[in-house]
Each structure stands twice: as C-alpha cells, then as structure tokens.
Amino acid sequence: MTDVQGGVRGWAAGRKGALSRLRFTSLRLRLVVVFGLVALTAAVSASGIAYWLNREAVLTRTQDAVLRDFQQEMQNRASALPVHPTQDELQHTAGQMASSSQRFSVLLVAQDADGKTVYGNSGALNGFSLEKVPKSLRAAVNNKQDVSAGNKSPYHLYWQRIVEHGTPYLVAGTQVIGGGPTGYMLKSLEPEAKDLNSLAWSLGIATGLALIGAALLAQAAATTVLKPVHRLGVAARRLGEGKLDTRLRVSGTDELADLSRTFNNAAEALEKRVADMAARDDASRRFVADMSHELRTPLTAITAVTEVLEEELESESGGIDPMIEPAVRLVVSETRRLNDLVENLMEVTRFDAGTARLVLDDVDIADQITACIDARAWLDAVDLDAERGIHARLDPRRLDVILANLIGNALKHGGSPVRVSVREADDEIVIEVRDHGPGIPEDVLPHVFDRFYKASASRPRSEGSGLGLSIALENAHIHGGGITAANSPEGGAVFTLRLPRDASELARETEEKEKGDGKGNGSKGDAR
C-alpha cells in the first residue's frame, strides 16, 4: 500500500512539475508559442501564395484552352450556317461543336426566315439553356460596338465563372462576325476544383507538419537556453537557503556563461563576507561568554561581602555608620543587578550559539505559576486565574524564567494588581499577564523584546538588565511558542504567552537538524 501511495504521489508531483514548467507565464511556453506563431504565419503565407498561384495557373490554362477551342468552333462551324438557319441546323451544328476535345455544352441562338428565335442545344449538362447564362454576359455578347482602328470587330468573346449547386462552371458567349447565330458555351470546372482541393489539403498538411516541427524546434531551443537559467534558479534557491558554497558549472563563452561566472563571483564574495561576519559574531559571543565567566569569580566574592553588609543593615544593633548606609545600600543593589546581568548575558550567549537545550517534564501550569509567584513573594500583588489540571510537557526552569520576567516586568512598570490568566486553545496553552498601568506607547510596542532597548535616551537608568523580555521570548521560541505585547482596551499592557502542549516533537526536530548540519559541514554544492 505504501508503494502504491508513493507512486501516486510521485506521479502527482511529476504532473505538477510539468504543469508548472508549462504555465502561461513561463519563458518556455512563451518561446514555444512565439516559434509556433512565426512558423504558422510563414507556413500559412507560403501555402496561401502557392495555392493562389497554382489556382490561377490551373484555371487560366483550362480556361484559355476551352475558350480557344470554342472560338475556333464558332469560326469553323457556326459561321458556315446560313444567316437564318432552321432549328434542326442549329441543333446539328451545336452537337458537332460540343464533340470537340474540350467536351463543353453549346447553345446556338438565331432567327429563322420568319423572324422567330430558334435554339440549338448540344443536349449535355441537363440541357444547357439560355437561363443559365448570366444576364450581364448576355448583354455584353449582344452589345454591338463601333468598328474603329482600335476595334476591328463589332462583337467579341466574353466569359464568366459561375457556381451552380456547388459546382463551378465557365460560361462564354460570342456572335459570328459578319452575321449569324449567337453561341454560348458551358464548361464544368469540377475536375480542376478537385485538383485544387487536393492541393489545399496537401498545403494544410504541410502547414501542420511545419507547425509541429517549429514546436519541437522551439522546445529544443528552449531547453538549450533555459537549462542554464534553471540551474541558475536552483543555485539561487540554494543560496537563499543558506548554502553559500553553491557554485554553478561554467561552460562556453556566451552571455549565459558570463552570467554563471558573475553568479559564482557574487556567491564567493557573499560566502566570504558571511564567513567574516560569522567569525566576528563568534568572537563577540566568545568575548561576552568569557567576560561573563571571568566576572563570576569576583562577583561571587563581592556577593558574599554584600550579603554580610546587607545582614548588618538589617540587624537591630545598627552596625553600619548612618553616614555610609546609603552607599552600602547602593553597593548591595548594584551588586545584585550586576550579578543578574552576568547571568542574563551567559543565557543570551547560549541562545546565540544555539547550545540552549530543553529539559522537558510534565508540568501543571497552575502549580508552576503559583510556585513562581510564591518564590518571589508576589502573592499579594498577583491575581491568578488558572484551573488546576492543565498539563503540558515543557521545560519547568525555562517556563519559570518566562513567567518571572513577564510578571516582574508588569509589577515594575505597570503596577499591581497584576492578573495572570490561563486558558487552553487547540494544542496550545495561552497565558496572559495583564497589569493596570498606563500601557506601552505605540512607538515602543515593536521594540519591547529588543535587547537593551530604551524608549528614550534621557530615561533614568533602569534597575533591570534590559535583557529580561528578550530572554523570555527566546525561551518561548525554543519551546515552539511565542510572546506578543499589546495594550488592553480597558487600560494597561497585556503580554500573551503561547506554548505548545508538547514540545517534544520540536526538540527532536532541532536535534536531527543539528546532526544533519554537522554531517554536511565541509561539503561543496554544485548546481548542475
């Protein structure tokens, strides 16, 4: 069953790829269409010209032969008739004229001795009658012209092509010079029409073959031209995915080869620049980490001393001189602040270096929030709205860091009471921390999670490290969640924390990705 599903998916993917390559906006399809239109235009033009020339040649040759034979018969046979022939004489002469090599029908019209119009028909083509002769042709044949130096005959031979019941005919007529009957001729052009239809079919087939050949030629040309462009697109995507060692194989000296060389030079410069930036970033992180580690030893000693001083300040014996008591309190608070800053810097370097890891456990969200509030003596300043029994698989220590930063920030800048509410949404746990302060200025909202961000350069020095919300956001991200900040319509700021119910899947994906990246180090990508 799995093989069948895989085959269906493969077929669907291949079909989708073929359709994407032939989408209307693709360069390949446009090349094929342009080649096809050019070939079609050229083939249709050539076929049309060839058909027209052959048609005129065939019809003119047949027409000239028929008219020449008819005129010869009129001179030899019709002119031999008396001026006023009988109908039998006309009928006999018409039959003799129709038996010529061209096999046309003949109609002779004359007046007998009594002045009556008589007709002689060869009897072919269902009886050729005067009604089949166009009136315009009859008028031209019977029109007597003046004889002059340029016109030596009062009557001439006239012809016309007609179509009757789908069959083409040639009709001609003339009068015997010097007096005599008027003769009309009817010749079927059906054989010539069939020959021309066969020629048209042949030219149509040739046009179709030319169009198919042009499409194949366009496809070959498009493949030749677009293959380097496709390789360039693949290489650009790999470069965009962070594979900066991607290079194009360069062959030839054309414009596409120059483009490939330009891409390789740009990729090489980008790789070098990113490597330099990464080296400087690594050096900066190492400096911060080393500095933090170096500061921890003296800070430990200083913290021990400040704890002693703090105990002296709180003792009832009054062991500290009142004159130096403010200075001692300042040293104690600044030492605590410096200790928090060093710890936060070390945490930030772990996030930046990608070494932060989750230690997952089943957590009751309500119990975790209660423990966080209780450990920091915030029970009187925080209202908790959370039902027990809402469990999630998270890192308890990092969740405690997130909650401590969000609730502490709300107490510090928004004021009590701070309300913490928990609700379930699909596969997520949503925790909202709302204060009743003035809210966050709109221009500050986009930057509340930035490191060391100050809303105003003239703002008094904060007691915090400036990294709390940033660390909270990083801890949310490592779980696969996030934090958003907004102002409540009722007043105050609202921080919304969203965490998945189970972060195990994300943790496994992160480990697998890091293992894959570790195996791929040092490999060169060549988009061919």
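Closest approach of Ala425 to Val430, counting heavy atoms only: CB-CG2, 4.0 Å. Closest approach of Ile483 and Phe449 over heavy atoms only: CG2-CZ, 3.5 Å. Here the closest non-hydrogen pair linking Leu203 and Ser47 is CD1-O, 3.3 Å. Closest approach of Cys372 and Leu403 over heavy atoms only: SG-CB, 3.9 Å. Of all heavy-atom pairs spanning Glu442 and Pro446, the tightest one is O-CD, 3.4 Å. Across Pro500 and Gly481, no two heavy atoms sit closer than the pair CD-N, 4.1 Å.
Taking a cutoff of 4.0 Å between a charged side-chain nitrogen and a carboxylate oxygen, Arg273 and Asp276 do not qualify as a salt bridge. Of the charged side-chain nitrogens involved, none lies within less than 4.0 Å of a carboxylate oxygen, so that Arg498 and Glu432 do not count as a salt-bridged pair. Using a cutoff of 4.0 Å between basic side-chain nitrogens and carboxylate oxygens, Arg419 and Asp383 are not scored as salt-bridged. Salt-bridge check for Arg434 with Asp385: failed, with every basic side-chain N at 4.0 Å or more from each acidic carboxylate O.
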### Query
Leu406 and Ile431: side chain to side chain contact (heavy atoms under 4.5 Å, CB included), yes or no, with the steps?
CA-CA 10 Å; Leu406 293 180; Ile431 303 175; over 6 Å; no

### Task
Start with the C-alpha gap between Glu271 and Arg247, add the side-chain angles, then the distance that decides, and say whether salt bridge (charged side-chain N to carboxylate O under 4.0 Å, His left out) holds.
CA-CA 11 Å; Glu271 184 181 19; Arg247 298 292 184 272; 2.5 Å; yes

### Task
Just do the side chain to side chain contact (heavy atoms under 4.5 Å, CB included) check on Val401 and Ile471 with the steps written out, would you?
CA-CA 8 Å; Val401 171; Ile471 292 174; 4.0 Å; yes

### Task
Give the intermediate values and the outcome of side chain to side chain contact (heavy atoms under 4.5 Å, CB included) for residues Ile365 and Leu399.
CA-CA 9 Å; Ile365 302 299; Leu399 179 57; 4.2 Å; yes

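Between the side chain of Asn475 and the main chain of Arg398, no donor-acceptor pair closer than 3.5 Å is present. A donor-acceptor pair is defined here as one N or O able to donate and one able to accept, closer than 3.5 Å; no such pair exists between the side chain of His436 and the backbone of Val418. The closest donor-acceptor contact from the side chain of Asp400 to the backbone of Pro396 lies at 3.5 Å or more, if one exists at all. The closest donor-acceptor contact from the side chain of Asp435 to the backbone of Ala493 lies under 3.5 Å. Using a distance-only test at 3.5 Å, with no hydrogens or angles considered, a donor-acceptor pair links the side chain of Asn265 to the main chain of Arg261. Side chain of Asp426 to main chain of Glu428: no donor-acceptor pair is present (N/O by atom type, distance under 3.5 Å, no hydrogens or angles).
With rounding to the nearest 0.5 Å, the separation of CG in Leu232 from CG in Leu239 is 10.0 Å. Rounding to the nearest 0.5 Å gives a distance of 11.5 Å between CD1 of Ile440 and OG of Ser488. Taking NE2 of His391 as the reference point, atom CG of Asp364 lies at 4.5 Å (rounded to 0.5 Å). Remark: Asp362 CG to Leu394 CG distance equals 9.0 Å, nearest 0.5 Å. Going from atom CG of Leu244 over to atom OG1 of Thr246 covers 7.5 Å, rounded to the nearest 0.5 Å. A distance of 9.5 Å separates CG in Leu497 from NE2 in His479, rounded to the nearest 0.5 Å.
Dense packing is recorded around CD of Glu490, with more than 12 heavy atoms of other residues, nucleotides or ligands lying under 6.0 Å away. Under a cut-off of 6.0 angstrom, the local environment of CG in Asp427 is sparse, with at most 12 non-hydrogen atoms contributed by other residues, nucleotides or ligands.
Proximity of Asn409 to Ile407: side-chain heavy atoms (C-beta onward) are nowhere separated by under 4.5 Å. In this structure, the side chains of Val433 and Thr496 stay at 4.5 Å or more apart for every pair of heavy atoms. You'll find the side chain of Val422 reaches within 4.5 Å of the side chain of Ile390, heavy atoms only. Looking at Ile402 and Leu473, their side chains never come closer than 4.5 Å, going by heavy atoms from C-beta outward. With contacts defined as side-chain heavy-atom distances shorter than 4.5 Å, the pair Leu411/Trp378 qualifies.
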